[in-house]
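Beneath this line is the structure, given in structure tokens, with notes to follow.
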Amino acid sequence: MSSDEEDYMSDKFLAQNVPNIRPGLIKNRERQREVEVQAKKMKFDEEERNKYKPSHVKERERLEEGLSSALTTENKGFALLAKMGYKQGDSIGKSGSQGIVEPIGITLKTGRGGLGRDAALKQLEEKKQAILKQRLLERAGTGTVSAEEFRNRMFRKAENQQIESDLGKCQRTCERLDASLGTEEPEMEWFWPPKPKESKEDTEETEEEDDEEEEEDFEPAEKLDMLSNYLRSMHLFCHWCGVKYNDMDDLLANCPGATKDDH
């Protein structure tokens, strides 16, 4: 056998015994391995998060689970209803089949504010939006000022000193009443008396917060109106009467109204 024939047979033998490994197959296996490792990592992270959940999160999950599950026959309340002829799935009430089947839902309140706080804040926001809307309407006018409007402006300027005095009293009262409820920050920055001017070092530390949106700059009369209404609805306190009433019925019965003119 010549040397050329020996080389040919050698190449043929090697070609038959070397496994046929496609490049794409290796890539797919590597990708599959990456996916498996990532899935195991996500599962491990999820187990760790569930293991070290804060106590208030665990408590809320247990409460929601309890509220979403129906009462069993072992429940004492269910047993009492069963003695009176109730069967699971029946409606409750004098109207028979037209009564309610599911219990009235429960709304969980997680905040620390009182029951009247949400209503007071909603009323405050409505008052704020009404003032801003009126201001936009005035800016969109023709720009001409009537004699009556000029006199009104001069009268408001003359009242400014008294308004500032009343506003300062309302701010001090608001801070005291809010603090009695455990409130650490005012609902709006100017609801409490202005803080002392910060030192140079404090000013440098707060420079990073300058990009935050600034509050709308209201006129003193507008501030007094909003703050006195907040004290009235939130704390049942009338600045014009100088009295903190016992409840809303007491306030409505004995307070002449929400404005200075009412008094």
Side-chain angles (χ1 to χ4, degrees), residues 17-79 81-82 88-92 100-126 128-129 132 174-175 177-192 195 198-216 230 234:
N17 290 277
V18 174
N20 183 18
I21 302 176
R22 292 171 293 176
L25 185 61
I26 297 177
K27 185 177 181 180
N28 291 340
R29 287 178 177 174
E30 291 178 352
R31 178 58 182 161
Q32 183 179 2
R33 175 62 178 168
E34 291 177 1
V35 172
E36 291 176 354
V37 172
Q38 185 67 19
K40 289 181 180 180
K41 184 177 183 302
M42 293 176 62
K43 183 178 179 181
F44 176 79
D45 293 342
E46 182 66 23
E47 291 176 352
E48 288 297 308
R49 283 194 297 269
N50 292 334
K51 187 185 299 184
Y52 299 104
K53 284 183 180 179
S55 58
H56 69 275
V57 174
K58 293 180 180 179
E59 183 66 25
R60 184 177 182 85
E61 289 179 351
R62 287 196 295 267
L63 181 59
E64 291 178 350
E65 182 181 357
L67 292 175
S68 61
S69 59
L71 295 178
T72 63
T73 55
E74 298 177 356
N75 182 271
K76 293 183 178 181
F78 187 93
L81 289 174
Q88 191 169 8
D90 292 348
S91 59
I92 299 177
I100 63 172
V101 177
E102 296 293 332
I104 299 174
I106 298 176
T107 301
L108 299 178
K109 184 173 179 60
T110 57
R112 299 180 60 187
L115 295 177
R117 182 178 181 83
D118 293 339
L121 296 182
K122 182 180 179 181
Q123 184 179 356
L124 170 63
E125 183 63 24
E126 291 174 353
K128 176 181 176 182
Q129 294 302 325
L132 295 177
C174 184
E175 183 178 22
L177 293 177
D178 282 349
S180 68
L181 298 179
T183 304
E184 298 180 355
E185 294 291 337
E187 293 302 331
M188 299 187 73
E189 184 178 359
W190 47 267
F191 270 22
W192 291 2
K195 297 179 180 179
E198 298 179 347
S199 63
K200 184 177 180 180
E201 295 179 357
D202 295 335
T203 304
E204 292 176 354
E205 292 177 356
T206 58
E207 283 181 353
E208 298 179 357
E209 302 177 359
D210 290 343
D211 294 334
E212 295 182 0
E213 183 178 358
E214 296 183 355
E215 289 190 1
E216 186 73 22
Y230 172 81
M234 182 66 186

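Here the structure is a predicted model, which means the values were calculated and not measured. Each residue takes its place number in the sequence, starting with 1.
Not a single salt bridge (charged side-chain N to carboxylate O under 4.0 Å, His left out) links R33 to another residue, sequence neighbours left out. Not counting sequence neighbours, E47 has no partner by the side-chain hydrogen bond (donor to acceptor under 3.5 Å, both in side chains) test.
Minimum interatomic distance between F191 and P186 (heavy atoms only, all atoms of both residues): CB-CB, 3.9 Å.
To the nearest 0.5 angstrom, L132 atom CG is 5.5 Å from Q129 atom CD. Here CE of M188 is found 6.0 Å from CG of L124. Values are rounded to the nearest 0.5 Å. Rounding to the nearest 0.5 Å gives a distance of 11.0 Å between CD of E46 and NZ of K43.
Shown are L177, L181, T183, L121; of these, the side-chain contact (heavy atoms from CB on, under 4.5 Å) with M234 is made only by L181.
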